[in-house]
Enquirer: 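I am attaching a structure below and will ask some questions about it afterwards.
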Amino acid sequence: MATSGNPRPDSLWLRPQHPRRLPQVALSREEIARTALTLADSEGTDAVTMRRIARELGCGTMSLYRHVRTKDEVFDLMVDTAIAREERPEAPSGDWRADLRQLAVAKRAVLLRHPWLARVIAGRPVLGPGVLASTEYSLSVVAGLGLPMDEMVRIINTLNAFVNGFVQTEIEESAWRRPPAGQIPDPDPAHWHARVLPYLRHVMDSGEYPHFTRMVNEAESYPDRDADFAWQLARVLDGLSAVDPRRP
């Protein structure tokens, strides 16, 4: 990706921080990001507003604008702070498959910790220090393969797309199984199957869907999501192995 000229002077990441003057409690981008993350994790991204953040921090809304100019910048800070929490080693081990596997597990953990994150990052390019560090490490894992940069980027994008898609499905499925607000949670997920069983029997008895019928009869009803993730990730890495020029 080629660049030209100087970075925009109004970039969030180039502007100096403006700490709040004493004797008030210190206010910084980090504190704003932590507060916004807490709100998004507990109440969803709709709860993240400048007014709500200011109230949680005990400051005036206008004080926030000395640090972030728009709500979009708040989301940039949130994404960057969350990604910065990925657990990564200091340097790659040299085994690119093992390193990518470890990186995928770390990314999934962060996305599950922040259920809104997979959806938000899908269309939001962020170039903060946390994202840059993650990108730099990811590329360093495959740098020794001797591939063109475009192929290195495709490898990382393929891995990220798999992890993001898997986690979004996990989160949506979990939310779907939760009862509507005000209803008592059903402690036994088997009750859902009991409710749909009459329809399932109708479908299976029709004989029109033999493979679906076999799936209902033979497949695990409550699969281990960790095991599913590991299996699917291994297949993704198998596919990516085809671009390794050292492969026999």
Side-chain angles (χ1 to χ4, degrees), residues 36-49 52 71 75 78-79 82-83 85-87 97 100-125 154-242:
L37 279 173
T38 300
L39 285 172
D41 291 345
S42 60
E43 302 180 36
T45 52
D46 288 344
V48 180
T49 65
R52 180 69 185 279
K71 184 177 176 180
F75 275 91
M78 291 163 58
V79 169
I83 296 299
R85 295 175 178 176
E86 285 179 358
E87 294 185 5
R97 278 186 60 122
L100 286 186
R101 184 182 306 110
Q102 183 180 37
L103 187 60
V105 170
K107 288 181 179 295
R108 178 183 175 225
V110 169
L111 293 175
L112 288 175
R113 194 153 53 239
H114 306 289
W116 49 271
L117 184 58
R119 172 176 52 81
V120 170
I121 63 176
R124 178 177 292 274
R154 288 175 188 139
I155 290 174
I156 302 307
N157 286 346
T158 299
L159 184 77
N160 289 340
F162 162 69
V163 176
N164 290 356
F166 189 96
V167 171
Q168 285 193 69
T169 300
E170 273 190 286
I171 292 171
E172 292 300 326
E173 183 178 84
S174 176
W176 173 75
R177 290 182 182 277
R178 286 198 298 269
Q183 291 188 14
I184 299 175
D186 188 341
D188 185 1
H191 289 175
W192 177 84
H193 284 85
R195 289 195 299 272
V196 300
L197 187 57
Y199 175 66
L200 280 179
R201 284 177 175 160
H202 169 76
V203 170
M204 295 163 67
D205 290 346
S206 73
E208 296 180 26
Y209 309 98
H211 297 297
F212 176 81
T213 299
R214 184 184 172 195
M215 180 187 73
V216 172
N217 287 330
E218 300 178 19
E220 177 62 50
S221 298
Y222 308 106
D224 183 332
R225 298 302 286 166
D226 292 337
D228 278 355
F229 181 80
W231 189 94
Q232 293 181 38
L233 175 60
R235 304 293 79 74
V236 171
L237 295 175
D238 287 345
L240 291 175
S241 294

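For this chain, numbers begin at 1 and follow the sequence in order.
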Enquirer: If I take atom CG from residue Leu100 and atom CG from residue Leu233, how far apart are they, to the nearest 0.5 angstrom?
Expert: 8.5 Å
Enquirer: Could you measure the distance from the CG atom of Leu37 to the CZ atom of Arg113? Nearest 0.5 Å is fine.
Expert: 10.5 Å
Enquirer: Please report the closest heavy-atom contact between Val110 and Ala82, naming both atoms and the distance.
Expert: CG1-O, 3.5 Å
Enquirer: Can you measure from CG (Leu117) to CE (Met78) and round to the nearest 0.5 angstrom?
Expert: 8.5 Å
Enquirer: If you measure from CG on Asn164 to NZ on Lys107, what distance do you get to the nearest 0.5 Å?
Expert: 8.0 Å
Enquirer: List the steps, then state whether side-chain contact (heavy atoms from CB on, under 4.5 Å) holds for Leu111 with Phe166.
Expert: CA-CA 10 Å; Leu111 293 175; Phe166 189 96; over 6 Å; no
Enquirer: Taking all atoms of both residues into account, what is the closest heavy-atom pair of Ile171 and Pro115, and its distance?
Expert: CD1-O, 3.4 Å
Enquirer: Mark yes when over 12 heavy atoms from residues, nucleotides or ligands other than Glu43 sit less than 6.0 Å from its CD; otherwise mark no.
Expert: yes
Enquirer: Once rounded to the nearest 0.5 Å, what's the spacing between atom OG1 of Thr38 and atom NE2 of His114?
Expert: 9.0 Å
Enquirer: Grab the two heavy atoms, one from Val120 and one from Arg124, that are nearest each other, plus how far apart they are.
Expert: O-CB, 3.4 Å
Enquirer: Distance from Gln232 atom CD to Arg225 atom CZ, nearest 0.5 Å?
Expert: 7.0 Å
Enquirer: Which atoms form the tightest heavy-atom contact between Gly207 and Pro210, and what is the distance?
Expert: O-CD, 4.1 Å
Enquirer: Can you see whether Phe229 has Arg108 sitting over its ring - NZ or CZ less than 6.0 Å from the centre and within 45° of the normal?
Expert: yes
Enquirer: Could you tell me whether Arg119 sits above the aromatic face of Trp116, with NZ or CZ closer than 6.0 angstrom to the six-membered ring centre and within 45 degrees of the axis?
Expert: no
Enquirer: Looking at Val48 and Ala36, what are the two nearest heavy atoms and their distance?
Expert: CG2-O, 3.7 Å
Enquirer: Can you tell me how the ring of Phe212 sits relative to the ring of Tyr209, calling it parallel under 30°, perpendicular over 60° and tilted otherwise?
Expert: perpendicular
Enquirer: For Arg97 and Leu240: C-alpha separation, side-chain torsions, deciding distance, then whether side-chain contact (heavy atoms from CB on, under 4.5 Å) applies.
Expert: CA-CA 9 Å; Arg97 278 186 60 122; Leu240 291 175; over 6 Å; no
